[in-house]
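Order of listing sets the numbers, starting from 1, for every ligand and every atom in it.
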Amino acid sequence: MSPTVLQQADALHPALSDPKNVQYTYTDPLSEVPALSGVDASFDGSTPIIDMEGLLGPQRSEFIKQIGHACEKNGFFAVRNHGIPEMKISNMLDTARDFFHLPEEERLKFRSSDPDSIIRLVTGFQDKTRNIFVSRQSLKFHCHPVEDFKNHWPSTPPSFREKVGEYCASVRKVEVAILDAISESLGLERDYIDKLLKGHYVSINYYPACQESELDVTHGVRTHTDPTIITILMQDDVPGLQVINDDKWIDVNPIPDAVVVHVGDMLQALSNCRYKSLLHQAIVNCERERVSIASYCYPSDDAAIGPAKKLIDDDHPAIYKDFTYKEFHESMWRVKCSTAKRLDLFMAESD
Ligand code: OGA
Ligand code: NI
């Protein structure tokens, strides 16, 4: 595989590892963190791998412990034997590529500046103030239940609705199974998180092979955390994803037949920071385009997102106050911050 070009990366904000120290300021992490010299080359590539079949067998509790450990220590893990048929995955990736190979005017029909629209295309952009070109293009759309949304999706390529619908329905099942396991790993009722769930949306991410830009720095997607409970990321065979592990950037290269699960902001809040939202980014590849499919689940508007009561005691005081998903979602668009620092607004009063 050819080497990727990462021209700059952004470090883990130190305050994230101790949320009590976080300042009440909201700035984009790009402006406030030092640049790293690069990706940790010594990393042995050992992404924690969970075999989902184990969750269905007699050793379920052992697998739940593994998931809990991976969420707490790494903030991400890969899942094998997830049950999404290989054919549905390859159809999804092919459809994604076909969509992004359509003429621009066809794709731009889905462009929207409303972050709440059912479907919207986000294009790459230049941030001249920071000398950065962000090359990712994505098509983001709601998809649960599929039948309620699919008429809003592209009708070109002609198989889009069918193939994407099949993938979305399958990935939703994986998501629920993993969320059940995560609830149990925290010592909560199995359906604690499931009961908060409402929707699900997918972002088809397309990273063109290195594009020319007058700017010096090209990112695939800049450092961020996902504002979700968890994200399930399916990558094609082109590397690009990087995550923070032990305060260093590491590559999370595609593992055949596996999807990657990230902890998102909502899980950080409801686990009272036991599981921290994963800082990640994507770099671009000079020779090959890359496609990834991110599935995000989100709670209903009135879902209580603050720390689960069972996780609070004298030794573990609540780091966040009670708040609803609606409150978080509204604040997210006001507070221009792309990491879990946006949760600072909801911190519990300290004595
Ligand atoms: C995302 C994301 C990373 C990737 O869609 O939220 O972080 O590798 N994607 O595409
Ligand atoms: Ni992300």
Checklist line | ligand 1: protein residues within heavy-atom distance under 4.0 Å | finding: R136, N205, Y207, H224, D226, L233, L241, H280, A282, R290, S292, A294, Y296

Next item on the list: Grab the two heavy atoms, one from N74 and one from L278, that are nearest each other, plus how far apart they are.
Entry: O-CD1, 3.5 Å

Note to self: Rounded to the nearest 10°, what angle sits at the Ni ion (ligand 2) between NE2 of H224 and OD1 of D226?
What the structure shows: 90°

Note to self: Measuring centre to centre across the rings, with the benzene-like ring taken for any Trp, is H262 within less than 6.0 Å of F76?
What the structure shows: no

Next item on the list: Verify the ring-centre separation between Y320 and F346: is it less than 6.0 angstrom?
Entry: no

Note to self: Does the plane of the ring in F100 sit parallel, tilted or perpendicular to the ring in Y206? Use 30° and 60° as the thresholds.
What the structure shows: parallel

Notebook entry, point to check: Are H142 and Y298 an aromatic pair by the rule of ring centers under 6.0 Å?
Noted result: yes

Note to self: Between D98 and H101, do the side chains contain a donor N or O and an acceptor N or O under 3.5 Å apart?
What the structure shows: no

Check: Salt bridge between R60 and E184, side-chain N to carboxylate O under 4.0 Å?
Finding: yes

Margin query: Please determine whether H262 has a backbone or side-chain N, O or S atom lying under 2.8 Å from the Ni ion (ligand 2).
Written below: no

